[in-house]
Asker: 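Following this message is one structure expressed as structure tokens.
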Amino acid sequence: MLHRLLFIFTLLICSVFVKAQDVLSKLEKEYYNNSNKVTEQLNIAPKYAKALYFNNLKSKSYQILATNISIATKETDGKYATILYAVQAMNYRLDNKETEALKSLNMAKTYSSKTKDNEAKGYFEYANGWILIRNNKTTDAVASYLKAIRYYENSPTTSTLYGRFANAVKELSTIYSNLNEYELEEKYSKQFLLLASKQNDPNLIFDSYMRMGYMYEQKYVQNPSNINLRNKVENYYLQAITTFNRNETAILSKSSLSYAAINLANLYSDFDRDKAMKYALLANNISLETGEAIHIASSFGILADLAIQNKEYDLAKSYFLKAAMEIEKSPLRDYNIELSILESLSQISEEQGNYKEALAYYKSYVDKYKSLYDQEKLDITKRLESQFEKERQEQKYIKLQLESDKKAQQIKLINILRTQREQVYNNLKLVEENQRERLKFSELNSEKKEQQLRLAKLETLQKNNDIDNYKKLLAYKEKISKYYIAFIVFSIALIILLLYAYKQRANSMRQRDELHALAIEKEKQNSKISTLTALLEGQEQERGRLARDLHDGLGGLLSGTKLQLSYLNPTNSENIQEGISKSINQIDGAVEELRRVAHNLMPDLLLKYSLEVAIQEFASRMSNNALDIHTEFINYSNSISKEKQLLLYRIIQELVNNTIKHAQASEIIIQISEEENILNLIIEDNGKGFNQENLDVRKTAGFHNIESRVQFLKGTMNIISELNIGTSIELQIPIQ
């Protein structure tokens with residue numbers, strides 16, 4: 001099928017970023033506004049350089065990189081130089097300048113070893129893997145991507161971390177997709193989706209939905225009878241289109257919409273022609289507007305296949321001809337697609353009985369195939385000639401190397417002769433020195449004899465002095481012994497006093513440590529009492545709310561029913577029938593109100609099934625035309641106890657109710673995931689947000705109750721909110 005060939009080619013093309021002009025202008029303005037701030041400029045430079053490159057401003061991109069690299073290399077930390085050199089290496093590789101790319105990558109590696117910034121180290125490993133995979137070194141590329149992920153996991157959160165982390169994970173999912181390792185592909189595709197949602201970048205979220213859709217489409221192609229797989233493919237592609245429509249101004253390329261529409265049309269073409277036609281026409285209109293030749297050809301290909309299914313051969317032929325025209329306009333021509341179009345045109349003409357036209361198309365097919373074959377042979381011949389020329393140059397190099405070695409040997413001989421001459425000269429100098437030393441030795445002998453005579457006289461004087469000194473020493477020792485005895489007595493007394501003082505201090509310190517331990521234990525008891533008090537207050541508030549619901553709702557309905565029954569007139573049968581009917585309706589309302597109160601008190605779905613089912617039912621029940629509540633469960637195994645599930649359910653209820661009351665949100669996302677014995681709960685909304693500095697959790701009853709429940713579960717809570725953007729609350733609860 002032609003549209004399947006075009007679909008695969010489109011997937012490859014759309015993996016390259018196409019920066020919009022307004023994004024480039026924004027980055028350019030931001031870059032030059034921070035020209036006097038070195039750190040801000042170095043942070044923006046990689047984005048700006050990539051934007052210039054993908055808008056065909058390559059020379060300026062390389063200039064920006066060179067300018068900022070010269071600044072970054074003077075910095076103490078090598079993180080900026082690492083990232084800039086890595087971007088430069090990837091740009092060179094896209095230009096097929098492999099030598100320059102390797103040189104820049106080695107420089108990035110050098111500066112990566114000089115920084116402690118894990119995000120920069122991870123970006124170097126990502127760039128290394130990116131280049132390795134394009135050099136067909138898949139195993140080494142996977143190893144580099146895994147290193148990048150480890151660095152990202154140990155890096156503090158920044159404004160760029162999750163985006164760079166997501167790109168590394170996306171590359172891994174693509175590699176495992178090509179290797180048909182579906183379990184690993186699914187693992188990294190889901191991680192890509194999670195990281196994209198954390199980065200809150202519509203472009204990454206769009207790509208992650210497309211990645212998930214493509215992954216499940218591979219499985220569906222292998223098992224076309226599995227309707228569940230097909231529904232997942234459809235759901236993720238539709239979510240990608242929804243993401244585009246909600247964030248159209250932030251999406252970098254409008255051709256992303258035609259990309260998603262082509263994939264959906266391709267999926268629907270097997271079971272729903274109307275939807276296939278709808279999305280094929282959407283893709284065709286968008287691609288004609290953006291001028292994306294491959295997308296235009298893809299949409300025409302799908303429309304042609306749909307026309308063939310309806311036996312509208314003339315219409316199909318016109319679509320194929322339009323597709324061929326668009327393929328010829330594309331700078332990235334795929335001659336296999338052109339061959340497929342000619343073959344399809346030949347088959348259509350044959351179906352119509354127009355054998356002359358079919359033969360003409362088939363002849364064009366054969367001629368193009370032959371020209372491509374001849375071109376391939378020519379390329380092979382040129383490659384062989386290039387190889388021969390390379391070998392001949394290598395032979396010349398070897399010959400020059402031999403001549404160089406010969407000259408080096410001659411130079412060595414000359415150096416040896418020169419060394420020998422220097423040795424003879426040095427020997428003559430040594431003989432002369434030896435004679436001088438002998439003369440000096442005879443002079444020293446005469447001086448030695450004179451010295452011996454003087455020493456004999458001095459020894460005699462020294463002996464007399466030693467006798468006098470010995471007498472004085474004996475007298476001195478007698479005095480000093482008395483001082484020693486006094487000093488020893490004093491030292492013993494001082495040591496006894498110090499030991500006594502040390503013992504007293506040790507007792508004092510032990511008593512202080514015991515008091516400190518008692519104070520810590522008392523503080524722990526107070527903390528436990530505070531937590532239990534907060535839980536009891538929450539229970540009391542729940543009882544109060546239950547009493548109000550029973551009194552205001554159920555009590556009012558029953559009172560009205562009682563009043564209605566008391567006014568019945570036994571003599572008027574019509575009045576009795578109408579009154580009983582109204583009373584029954586009121587009793588039905590009371591039963592429904594009782595069920596609602598009971599469900600809020602203890603959800604049946606939570607007891608019968610699981611937390612996942614209960615939350616999905618709660619989200620469905622709370623959703624309406626003005627509020628859309630989504631639920632996501634990632635690697636959730638329902639392994640926590642029912643008591644903890646009930647507490648989590650109450651926490652989610654409280655947070656959602658707070659959002660509905662105060663945030664004025666139109667969308668809420670509830671996400672639960674498990675990771676290494678930790679349950680992560682994230683609740684996000686797009687409401688009006690609040691200033692966190694003005695929030696005192698202790699003075700806010702709702703947040704205080706939630707925090708008490710989280711502490712009871714031994715978990716942690718993190719609140720992030722921005723005015724007019726929304727609020728994100730993340731809880732981490734240990735599973736065991």
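For the single chain, residues carry numbers from 1 onward in sequence order.
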Asker: Between Asn180 and Gln218, is any side-chain donor less than 3.5 angstrom from a side-chain acceptor?
Answerer: no

Asker: Working note: Phe690 + Ile719, criterion side-chain contact (heavy atoms from CB on, under 4.5 Å); need CA distance, chi angles, decisive distance, verdict.
Answerer: CA-CA 11 Å; Phe690 56 87; Ile719 303 171; 3.9 Å; yes

Asker: Side chains of Ile241 and Leu257, heavy atoms from C-beta outward: is any pair under 4.5 Å?
Answerer: yes

Asker: With sequence neighbours left out, write down each residue that passes ring-ring contact (aromatic ring centres under 6.0 Å, His included) with Tyr80, or none if nothing qualifies.
Answerer: none

Asker: Taking all non-hydrogen atoms of both residues, which atom of Ser197 and which atom of Gln671 are closest, and how far apart?
Answerer: OG-NE2, 4.2 Å

Asker: Is it true that the side chains of Glu217 and Tyr237 contain a donor and an acceptor less than 3.5 Å apart?
Answerer: yes

Asker: Would you say the side chain of Lys58 lies within less than 4.5 Å of the side chain of Asn91, judging by non-hydrogen atoms?
Answerer: no

Asker: Check the side chains of Asn118 and Ser155 for a donor-acceptor pair under 3.5 angstrom, ignoring hydrogens and angles.
Answerer: no

Asker: Do we see a donor-acceptor contact under 3.5 Å between the side chains of Asp95 and Tyr62?
Answerer: yes

Asker: Would you say that Ile286 contacts Ser255 through its side chain, given a criterion of any heavy-atom pair below 4.5 Å between the two side chains?
Answerer: no

Asker: Mind checking the CG-CE spacing from Leu193 to Met212? Nearest 0.5 Å is all I need.
Answerer: 6.0 Å

Asker: Per the side chain to side chain contact (heavy atoms under 4.5 Å, CB included) rule, which among Thr115, Thr39, Val38 passes with Glu75?
Answerer: Val38

Asker: Examine distances only and state if a side-chain atom of Arg211 and a backbone atom of Lys170 form a donor-acceptor pair shorter than 3.5 Å.
Answerer: no

Asker: Checking Glu28 against Lys60 for the salt bridge (charged side-chain N to carboxylate O under 4.0 Å, His left out) test, could you report, in this order, the C-alpha distance in whole Å, the side-chain angles of both residues, the deciding distance, and whether it holds?
Answerer: CA-CA 12 Å; Glu28 183 175 16; Lys60 189 172 182 181; 3.4 Å; yes

Asker: Quick one: which residue pairs count as a ring pair (Phe, Tyr, Trp, His ring centres under 6.0 Å) with a foot in residues 155-174, not counting sequence neighbours?
Answerer: Tyr152-Phe165

Asker: For Ile640 versus Leu648, what's the shortest heavy-atom pair and its separation?
Answerer: CD1-CD1, 3.4 Å

Asker: With side chains defined as the heavy atoms from C-beta onward, is the minimum distance between Leu731 and Ile683 less than 4.5 Å?
Answerer: no

Asker: Please report the interatomic distance OH(Tyr31) to CG(Leu52), rounded to the nearest 0.5 Å.
Answerer: 9.5 Å

Asker: Given side-chain contact (heavy atoms from CB on, under 4.5 Å), test Ile682 with Ile669 step by step and report yes or no.
Answerer: CA-CA 8 Å; Ile682 299 174; Ile669 298 175; over 6 Å; no

Asker: At their closest point, which heavy atom of Ile672 faces which heavy atom of Ile652, and how far apart are they?
Answerer: CD1-CD1, 4.3 Å

Asker: Do any N or O atoms from the side chain of Thr82 and from the backbone of Gly78 form a donor-acceptor pair under 3.5 angstrom?
Answerer: yes

Asker: Keeping the roles fixed (side chain from Thr631, backbone from Ile670), state whether a donor-acceptor pair exists under 3.5 Å.
Answerer: no

Asker: For a quick check under 3.5 Å, do Tyr151 and Glu119 share a side-chain donor-acceptor pair by atom type?
Answerer: no

Asker: Looking at CG of Leu195 and NZ of Lys190, how far apart are the two atoms once the value is rounded to the nearest 0.5 Å?
Answerer: 14.5 Å

Asker: Any sub-3.5 Å donor-acceptor pair from Gln199's side-chain atoms to Gly163's backbone N or O?
Answerer: yes

Asker: Check for a donor-acceptor pair, side chain of Asn128 on one end and backbone N or O of Phe124 on the other, with a separation under 3.5 Å.
Answerer: no

Asker: Rounded to the nearest 0.5 Å, what separates atom CG in Leu84 from atom CG in Asn68?
Answerer: 6.0 Å

Asker: In Å and rounded to the nearest 0.5 Å, what is the OG to CG distance from Ser299 to Asn285?
Answerer: 8.5 Å

Asker: What's the separation between atom CD1 in Ile83 and atom OH in Tyr126, rounded to the nearest 0.5 Å?
Answerer: 12.5 Å

Asker: Short question: side chain of Asn686, backbone of Glu667 - any donor-acceptor pair under 3.5 Å?
Answerer: yes

Asker: Side chains of Glu674 and Ser637: donor-acceptor distance under 3.5 Å anywhere?
Answerer: yes

Asker: Please tell me if the side chains of Ile733 and Leu681 come closer than 4.5 Å, counting only heavy atoms from C-beta onward.
Answerer: no

Asker: Could Lys114 and Tyr111 be counted as a cation-pi pair, given that NZ or CZ must be under 6.0 Å from the ring centre and within 45° of the axis?
Answerer: yes

Asker: For Glu183, does the CD atom sit with more than 12 other heavy atoms under 6.0 Å from it, leaving out its own atoms?
Answerer: no

Asker: State, without any angle test, whether Asp140 and Tyr145 hold a side-chain donor-acceptor pair at a distance under 3.5 Å.
Answerer: no

Asker: For Ser144 and Ala141, indicate whether the former's side chain and the latter's backbone hold a donor-acceptor pair under 3.5 Å.
Answerer: no

Asker: Is there side-chain contact between Ser673 and Tyr636, with at least one heavy-atom pair below 4.5 Å?
Answerer: no

Asker: Please, which pairs that meet ring pair (Phe, Tyr, Trp, His ring centres under 6.0 Å) have at least one residue in residues 177-213, sequence neighbours excluded?
Answerer: Tyr176-Tyr188

Asker: Closest heavy-atom contact between Lys121 and Ser113?
Answerer: NZ-CA, 4.2 Å

Asker: Check step by step if side-chain contact (heavy atoms from CB on, under 4.5 Å) holds for Asn680 and Glu675.
Answerer: CA-CA 8 Å; Asn680 295 310; Glu675 182 180 359; 3.9 Å; yes

Asker: Check the pair Ile706, Asn658 against side-chain contact (heavy atoms from CB on, under 4.5 Å), reporting the backbone distance first and the verdict last.
Answerer: CA-CA 11 Å; Ile706 292 166; Asn658 283 346; 4.2 Å; yes

Asker: Any chance the side chains of Tyr216 and Glu186 put a donor and an acceptor closer than 3.5 Å?
Answerer: yes

Asker: Restricting to non-hydrogen atoms, name the atom on Leu27 and the atom on Ala51 that form the minimum distance, rounded to 0.1 Å.
Answerer: CD1-CB, 3.8 Å

Asker: Just checking, is any N or O donor in the side chain of Ser173 or Glu185 under 3.5 Å from an acceptor N or O on the other one?
Answerer: no

Asker: For His295 and Ser258, does a side-chain donor sit closer than 3.5 Å to a side-chain acceptor?
Answerer: yes

Asker: Over all heavy atoms of both residues, which pair between Pro734 and Lys714 is shortest? Give the atoms and the distance, please.
Answerer: CD-O, 3.2 Å

Asker: Within the 4.5 Å heavy-atom criterion, are Ile615 and Phe633 side-chain neighbours or not?
Answerer: yes

Asker: Please answer whether the main-chain N or O of Ser70 pairs with a side-chain N or O of Thr73 as donor and acceptor at a distance below 3.5 Å.
Answerer: yes

Asker: If only atom types and distance count, is the side chain of Asn106 paired as donor or acceptor with the main-chain N or O of Leu102 below 3.5 Å?
Answerer: yes

Asker: With a 3.5 Å cut-off and no angle check, do the side chains of Asp628 and Ser623 form a donor-acceptor pair?
Answerer: no

Asker: Taking atom types as modelled and ignoring hydrogens, do the side chains of Asn167 and Tyr123 form a donor-acceptor contact shorter than 3.5 angstrom?
Answerer: no

Asker: Checking the side chain of Asp201 only, and the main-chain atoms of Asn203 only, is there a donor and an acceptor separated by less than 3.5 Å?
Answerer: yes

Asker: Got a sec: does the CD of Glu722 have more than 12 other heavy atoms crowding it under 6.0 Å?
Answerer: no

Asker: Do the non-hydrogen side-chain atoms of Arg93 and Asn135 ever get within less than 4.5 Å of each other?
Answerer: yes

